[in-house]
**Q** 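Quick one: the structure is below, and I'll ask about it shortly.
Residue numbers begin at 1 in each chain, while the letters A, B, ... track the order of the sequences. Bear in mind the structure is a predicted one, so any value in this text is a computation, not a measurement.
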There are 2 protein chains.
Amino acid sequence: MPTITVENYLKQIYLLQRGGELAPMGGLAVAVGVTPGTATSMVKTLADANLADYEPRAGVRLTEAGTRLALQVLRRHRLIELFLVQTLGLDWSEVHDEAEELEHAISDKVLEKIDTLLGHPDTDPHGDPIPPPTGSPRQEKLTPLNDCAPDTTAQIARVRDQEPAFLRFVDKHGLTPGTHFTVESQNPSADAITVRPHNREPVTLGLAAAGKIMVKVVE
Amino acid sequence: MPTITVENYLKQIYLLQRGGELAPMGGLAVAVGVTPGTATSMVKTLADANLADYEPRAGVRLTEAGTRLALQVLRRHRLIELFLVQTLGLDWSEVHDEAEELEHAISDKVLEKIDTLLGHPDTDPHGDPIPPPTGSPRQEKLTPLNDCAPDTTAQIARVRDQEPAFLRFVDKHGLTPGTHFTVESQNPSADAITVRPHNREPVTLGLAAAGKIMVKVVE
DNA sequence: CTCAGGACTTGACATCGATCAAACATCATA
DNA sequence: TATGATGTTTGATCGATGTCAAGTCCTGAG
């Protein structure tokens, strides 16, 4: 059984690896909230335990075993988030931090009860895919909102930020996962995009913020 | 914020103090599962933090502050147990160990949501009182089942053992908290007592086992 | 009243996960 | 190509929690 610290490293490495092959050490240190030196020595420990491959001055990559553990942690995290929102009625802006703690304490037995209670969902409140008990989560091809041309109609799929303030903003303007909307205008010079969620007032947001929102374009 | 280890020590000292003034060091070491030396040094640490008063070779007693923390831990533990049974449908024989982990990970916010969801209950599935958010739990005067004379009619109030095997036995014979029953016979020489839960077959159990079941005598 | 054995304490030390400061490597660019 | 910004590694060290073994205290049997 990995320690809480190890679980956190594995999870963060997994998330940093998305896209790139190697997770950079610097990013990892920031992600787990430790100094670079700590990250280096911990990653060496992970490598000794065959959970990761470490390439000095290049980065770190999870092994098969490490990936499996990371996905289990992610599954716990995301199921807990959904549970907190759906069953206990917490606000989606605050569940991330709660889940961060609970994901290390919950047993498989309880987790599967929750999974059943929720009807085996496949995404959490932020639209992030919930990995299945074994194997990898399915990957959908999503488009960042800032890449959407005017008049595009699409559906919000995923909000990639856990900042409570941002999440509250998103919620307030109805841009939560599942919402359909149309792009009213897109202006790179102004660094802004305006979208109109169906049945809502239009919202304008900066392209940086829009980049954190992933959408599924409606054909 | 006390560490998980400290929370466990406080909780165990609180439970050991019940009845006696001082919790014995030996019992504490066994309860938290460490060697006596570890318990001694940890208790000194607690004393330094003003959470306990330590009397060498006599025992340890919680201070006001220590008691407050211990009750919070107990409240978390017992609410979680009830939640696991009522909401997630786990068996009461297995929730103790689960709660043992979760009690250190759950936030006040989530806990109060659970409390509300459960309708502010005042006992857990084992009949143990759930301490209120602040202050002490009410103490009811209960009688151990082995002290009940034949023909006594009473109600099971509390089962003071967390052993899954014992709890399953109790459950199987319908001796769960809330059940009314009548004592059919009591035989100290045979070290046995036979009780008949209403609407159930009679059960015979040893006096030691009966001593772990607390009942409220019906006037 | 004594003293042996069990209970408890002490002190030396191990391990884990973290820190910090300083040495070091890499790379883009002036 | 030299240089500085940036990122990485090393090594000393810390605090929390634990072990173990030796020493001390207390109690009850003789």
**Q** Would you say D:dG18 has OP1 or OP2 under 4.0 Å from some side-chain N or O of B:Tyr9?
**A** yes
**Q** If you measure from the Lys or Arg side-chain nitrogens to the Asp or Glu carboxylate oxygens, is any gap between B:Lys212 and B:Glu163 under 4.0 Å?
**A** no
**Q** Salt bridge check, B:Glu94 against A:Lys109: does any charged N sit closer than 4.0 Å to a carboxylate O?
**A**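 Salt bridge present between A:Lys109 and B:Glu94.
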**Q** Would you mind reading off the distance between A:Leu28 atom CG and C:dG17 atom P, rounded to a whole angstrom?
**A**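 Whole-Å distance recorded here is 14 Å.
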**Q** For B:Thr5, answer base if it contacts any base atom (sugar-phosphate contacts may also be present), sugar-phosphate if it contacts only those atoms, and nothing otherwise; contact means non-hydrogen atoms under 4.0 Å.
**A** sugar-phosphate
**Q** With a 3.5 Å distance limit and no angle check, can you tell me whether A:Glu98 reaches the backbone of B:Ile106 through a side-chain donor-acceptor pair?
**A** no
**Q** Between A:Arg168 and A:Phe166, is NZ or CZ placed under 6.0 angstrom from the six-membered ring centre and within 45° of the ring axis?
**A**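 The answer is no; the distance or angle limit is not met.
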**Q** Which whole-number value in Å describes the distance from B:Leu10 CG to D:dT17 P?
**A** 11 Å
**Q** B:Leu16 has an atom CG; how far is it from atom P of C:dC8, in whole Å?
**A** 12 Å
**Q** Treating B:Arg78 as the side-chain partner and B:Pro131 as the backbone partner, does any N or O pair qualify as donor plus acceptor under 3.5 Å?
**A**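 Not confirmed, B:Arg78 side chain does not pair with B:Pro131 backbone.
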**Q** Which one, D:dT9, D:dT17, C:dT9, comes nearest to the side chain of B:Met25?
**A** C:dT9
**Q** Between D:dA16 atom P and B:His104 atom NE2, what is the distance in whole Å?
**A**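 Taking atom P of D:dA16 as the reference, NE2 of B:His104 is at 18 Å.
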**Q** What one-letter contact string describes nucleotides 19-25 of chain C from 5' to 3', where B marks a base within less than 4.0 Å of any protein heavy atom, S marks contact via sugar-phosphate atoms alone, and - marks no contact?
**A** BS----S
**Q** Give a yes-or-no answer on whether the side chains of B:Asn8 and B:His104 include a donor-acceptor pair shorter than 3.5 Å.
**A**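 Short answer, yes.
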**Q** Taking only the side-chain nitrogens and oxygens of A:Thr40, find out if one of them lies under 4.0 Å from OP1 or OP2 of D:dT9.
**A** yes
**Q** Rounded to whole Å, how long is the line connecting atom CE of A:Met42 with atom P of C:dA18?
**A** 7 Å
**Q** When you check the gap from the basic side-chain N to the acidic O, do B:Arg158 and B:Glu140 get nearer than 4.0 Å?
**A** no
**Q** Rounded to the nearest 0.5 Å, how far apart are CG of B:Asp53 and CD of B:Glu64?
**A**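 Answer for the CG-CD pair, B:Asp53 versus B:Glu64, is 11.5 Å.
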**Q** Which residues in residues 43-56 of chain B have a heavy atom closer than 4.0 Å to any atom of DNA chain C?
**A** B:Lys44, B:Tyr54, B:Pro56
**Q** Going through the distances and angles, do A:Trp92 and A:Thr176 end up as a side-chain contact (heavy atoms from CB on, under 4.5 Å)?
**A** CA-CA 10 Å; A:Trp92 82 324; A:Thr176 44; 3.8 Å; yes
